[in-house]
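Written out below as structure tokens is the structure these notes cover.
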Amino acid sequence: MSTVHPVDTLFLGDRRPAGDAEVLMVHTAEGAAQRFVRRDVRVNGAALDPSGLRVLRLAVGDESDAGPQDADAHPSPVHTPAFREWSARLGTAAAMPNIYMPAAPRLSSRTKGDAIFSGSPVDALTRRYLTLVRDARALRARARVVQWLAVRTSIDVARTVRWTSLACGPALPVIGALAEAREAGAEVEATFIDTCSDSLDVTRRFVRTQGLDPERHRFLSRVDALAEAAPPVAEGSQDFVEALDLLVDRTPAESARALGRAFSLVRPGGALAFSAMLADRPEPDPRAAWPVAPRWTLAELASLIVESGALVADAMAYLTDDGVYAVVEIERL
């Protein structure tokens, strides 16, 4: 019988397109790096789901708060060159910089360099769409929830805090949390593991643009991780593990195995965070090919947690106003 390396368990079913690596650096405007800006996260309500999963409903600040909320109030951007170019990237990490920072005057570049947003100019209609459309707001909201959860693990900790980001893509939520933790005086060391070395180079540059030292952190491709004699992240060693897209392109059985393996990295007192698209989410905007798979009910997520070997009683589902994703945190108590 063949054996599966622990790192391979985390990447089973990872079939992202090659374009996923085509993400580039944070835009610098007049010498100042633009970061994924922290917004307020407020608790609006709490409940216990019939599945046993605890639920917190959150209101998360967003770039769209400054203006009207109706993305259809003005003409559609679908015929503009910038919209066509950006929407062709959907489904890959290359689309994410302009979603996370919708006011950027240009698309993220597909070539290496010190500036991220040095691609095609973005017209006002496309910027408005990226600011207001539900799925873009939902992706920013789940990222800010993860940023909030990560920073919480670094508060009042009198030692070096350790985080891991799995299949990180641009990893902006974790990088933003690193910058925020540093400003609060916390010492954090992060490990970024991804399927593609090019994507990791992007992550290094993102780290650098936030005024952080990449040498304090580790960047491992799947190939690098598999080549190590021992697992690159020891079991029970991490204060926070981010695995936002852990369930994407996986069967339920693969999802349970990957979730169990990711949770094994968490130390007592630490937490794992992953996300799931909700089964009852509003339908995505039809003008762009927003991701639609797979969808989960809270009951199915509770069953997944049990199958992974974790306890539903130690989990919390965070739901935001957009209704698209659940961010699930499992604590190791």
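FYI, the numbering just counts along the sequence from 1. Only heavy atoms go into these numbers, but all of them, side chains included; no hydrogens, no water, no symmetry mates.
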From [atom1] ([X]) to [atom2] ([Y]), nearest 0.5 Å:
X: T320; Y: D322; atom1: OG1; atom2: CG; result: 3.5 Å
X: E187; Y: S154; atom1: CD; atom2: OG; result: 10.5 Å
X: L304; Y: L298; atom1: CG; atom2: CG; result: 12.0 Å
X: T126; Y: E85; atom1: OG1; atom2: CD; result: 10.5 Å
X: L107; Y: S118; atom1: CG; atom2: OG; result: 10.0 Å
X: D135; Y: M277; atom1: CG; atom2: CE; result: 6.0 Å

Quick one, T203 with D194, criterion side chain to side chain contact (heavy atoms under 4.5 Å, CB included). Give me CA distance, side-chain angles, the key distance, then yes/no.
CA-CA 10 Å; T203 302; D194 207 331; 5.6 Å; no
Are R142 and D245 close enough for a salt bridge, meaning some N to O gap below 4.0 Å?
yes
I'd like to know if E235 pairs up with R261 as an ion pair, taking the criterion as any Lys NZ or Arg NE/NH1/NH2 lying under 4.0 Å from an Asp or Glu carboxylate oxygen.
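A salt bridge is present here (some side-chain N lies under 4.0 Å from a carboxylate O).
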With sequence neighbours left out, which residue pairs that include part of residues 273-300 fulfil the ring pair (Phe, Tyr, Trp, His ring centres under 6.0 Å) condition?
W86-W290
Could you tell me whether the side chain of [Y] reaches within less than 4.5 Å of the side chain of [X], counting heavy atoms only?
X: S255; Y: T251; value: no
X: L212; Y: R182; value: yes
X: I305; Y: L311; value: no
X: R38; Y: W148; value: no
X: R144; Y: P173; value: no
X: P268; Y: L333; value: no
X: R295; Y: L278; value: no
X: V174; Y: F192; value: yes

Could you report the tightest heavy-atom contact between [X] and [Y], atom names first, then the distance?
X: S221; Y: L200; result: N-CD1, 3.1 Å
X: S275; Y: Y325; result: OG-CD2, 4.5 Å
X: R140; Y: I99; result: NH1-O, 2.8 Å
X: Y100; Y: L139; result: CE2-O, 3.9 Å
X: P77; Y: F83; result: O-CB, 3.2 Å
X: L301; Y: A326; result: CD1-CB, 4.4 Å

R128/V133 under side chain to side chain contact (heavy atoms under 4.5 Å, CB included): CA gap, chis, key distance, verdict:
CA-CA 8 Å; R128 188 176 187 283; V133 73; over 6 Å; no
Does [X] reach the main-chain N or O of [Y] with its side chain, forming a donor-acceptor pair under 3.5 Å?
X: R218; Y: P232; result: yes
X: D239; Y: R162; result: yes
X: S303; Y: A299; result: yes
X: E242; Y: L244; result: yes
X: E300; Y: T297; result: yes
X: D62; Y: D65; result: no
X: H217; Y: A190; result: yes
X: R54; Y: A315; result: yes
X: R332; Y: G269; result: no

Can T92 and R89 be counted as having a side-chain donor-acceptor contact under 3.5 angstrom?
no
We want to know whether Q238 and T164 form a side-chain donor-acceptor pair, criterion being a heavy-atom distance below 3.5 angstrom.
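Note: Q238 and T164 side chains meet the donor-acceptor criterion.
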Linked, directly or transitively: [X] and [Y] (ILVMFWY side chains, under 4.5 Å):
X: V151; Y: L272; value: no
X: V145; Y: V43; value: yes
X: V188; Y: V157; value: yes

Please determine if R106 forms a cation-pi arrangement with F117, meaning its NZ or CZ atom is less than 6.0 Å from the six-membered ring centre and no more than 45° off the ring axis.
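Checked: cation-pi criterion not met.
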May I have the step-by-step check of side chain to side chain contact (heavy atoms under 4.5 Å, CB included) for F240 and V146, ending in yes or no?
CA-CA 10 Å; F240 187 73; V146 166; 4.1 Å; yes
What residues, two or more places apart in sequence or in another chain, satisfy side-chain hydrogen bond (donor to acceptor under 3.5 Å, both in side chains) together with E329?
R152, Y318
With sequence neighbours excluded, give me every side chain to side chain donor-acceptor pair (under 3.5 Å) pair touching residues 39-50.
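For residues 39-50: D49-S51.
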Got a sec: does the CZ of R57 have more than 12 other heavy atoms crowding it under 6.0 Å?
no
Between V241 and W163, is a side chain to side chain contact (heavy atoms under 4.5 Å, CB included) present by the stated rule, with each step listed?
CA-CA 6 Å; V241 175; W163 297 343; over 6 Å; no
